[in-house]
Amino acid sequence: MEPILEIKQLKKYFVTSRGTVRAVDVISFDLLPGETLGLVGESGSGKSTTAYTVIGIYAPTSGKILFRGRDISVPVAKRPKSLKRAIQIVFQDPGTSLNPRRTIGQILELPLKVHRIGTREERRRRVAELLRMVELPEDYIYKAPHMLGGGERQMVAIARALATEPELVILDEPTSALDVSIQAKIINMLIQFQKEMNLAYLFITHDLSLMRNVAHRVAIMYLGKICELAPAVEFFERPYHPYTKMLLSSIPVVSEEEEKVKPEKIVSKGEIPSPVNPPPGCRFHTRCMERNGICSEAVPEVVEVGEGHLVWCHLYGKKEER
Ligand code: SF4
């Protein structure tokens, strides 16, 4: 199957008064139609910058972003309208992503108007359909965002993202600002929509445990680089990278099977270094319990340790180009 999204050697730097922030520093991955890739990392890992570069909020410093084989490595204003319609995003905080001066009906109709989809009557029916899809009452079209709860607002944000029938949706921590009780409902909805519409999701999160039941593949980012990328089952059962093991050792498990494969508790050493002045060699070496001499000198290249299981660490095998 051809990938819907290909990220090739992507780099995004920001020049600031403190120096150059290397937010994303040469990463590559792809995403298949109907697939969820979980892009996981701590704050400052570069996962959100990656998402905003894919959606076109930022232009890449270098590298390529291909959507269905077409180069879209430009800001969103320069992208063809058909591509803007095909790629949508759901932000973390629906409180700020929904315009407070518009009604829910206007918010849901706007992308249809922008993309000249349907007559006025067709748009009205589509808005009602979108509200039904996310299980909100039709009379919500008259309400303002502040009259809704946080979970309901996020459902509106999801409905808005689906209005133009996209093929790829970027989910930027879509549940992290919500109560636990509503998180499961939103996740189940997203999974159902993916099955019905064959949507590809790039799911940005700091919550690794959430990816166990949501992602088909998981990629871990640390200080602007990917450390490990693997099919989800393989990722949780056979993690290789010391940073992945550290993250996995601290997440809760709910079954005996999960307990069996959970790494021993690994306590993190120190803080994440600044992306303005990242450590040389392996970026994780200042916190890694398994580091050796080469780790602070050479950037690890990618090694394929299993089918589709990629690790960037000097501890493992023969080096391959990527
Ligand atoms: Fe640790 Fe070295 Fe592997 Fe980096 S390359 S994760 S420092 S062992």
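Please read all numbers here as calculations on a predicted model, not as lab measurements. One-based numbering, in listed order, for ligands and for the atoms of each. In what follows, every heavy atom counts, from backbone to side chain, and hydrogens, waters and symmetry copies are set aside.
Heavy-atom contacts of C295 reach the following atoms of ligand 1: 2 (Fe), 5 (S), 7 (S), 8 (S) (cutoff under 4.0 Å). Close approach of ligand 1 to E290 (heavy-atom distance below 4.0 Å) involves ligand atoms 8 (S). For ligand 1, the atoms closer than 4.0 angstrom to any heavy atom of L315 are 8 (S).
Nearest protein heavy-atom contact of atom 3 (Fe) of ligand 1 is C313 SG, 2.3 Å. Closest to atom 1 (Fe) of ligand 1, if we only count protein heavy atoms, is C288 SG, 2.3 Å. If you check which protein heavy atom lies closest to atom 6 (S) of ligand 1, you get H241 CE1, 3.4 Å. For atom 5 (S) of ligand 1, the closest heavy atom belonging to the protein is H314 N, 3.3 Å.
At a threshold of 2.8 Å, atom 4 (Fe) of ligand 1 has a backbone or side-chain N, O or S atom of C282 nearer than that distance. Put simply, H285 stays out of reach of atom 2 (Fe) of ligand 1, with no N, O or S atom under 2.8 Å from it.
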Verdict with reasoning, M211 to F203, per side-chain contact (heavy atoms from CB on, under 4.5 Å): CA-CA 9 Å; M211 292 297 100; F203 200 127; 3.6 Å; yes

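Closest of all the heavy-atom pairs between C313 and P242 is SG-CD, 3.9 Å.
In this structure, R283 is not positioned above the aromatic face of Y222 in the sense of NZ or CZ being under 6.0 Å from the six-membered ring centre and within 45° of the axis.
Salt-bridge formation is detected for the pair R124/E121: a Lys NZ or Arg NE/NH1/NH2 atom is positioned less than 4.0 Å from an Asp or Glu carboxylate oxygen. Checked for salt-bridge contact, E167 and R68 meet the test: a charged N lies under 4.0 Å from a carboxylate O. Using a 4.0 Å cut-off between charged nitrogen and carboxylate oxygen, K64 and E6 do not count as a salt-bridge pair.
Side-chain contact of E173 with H206: a donor-acceptor pair under 3.5 Å is present, judged by distance alone.
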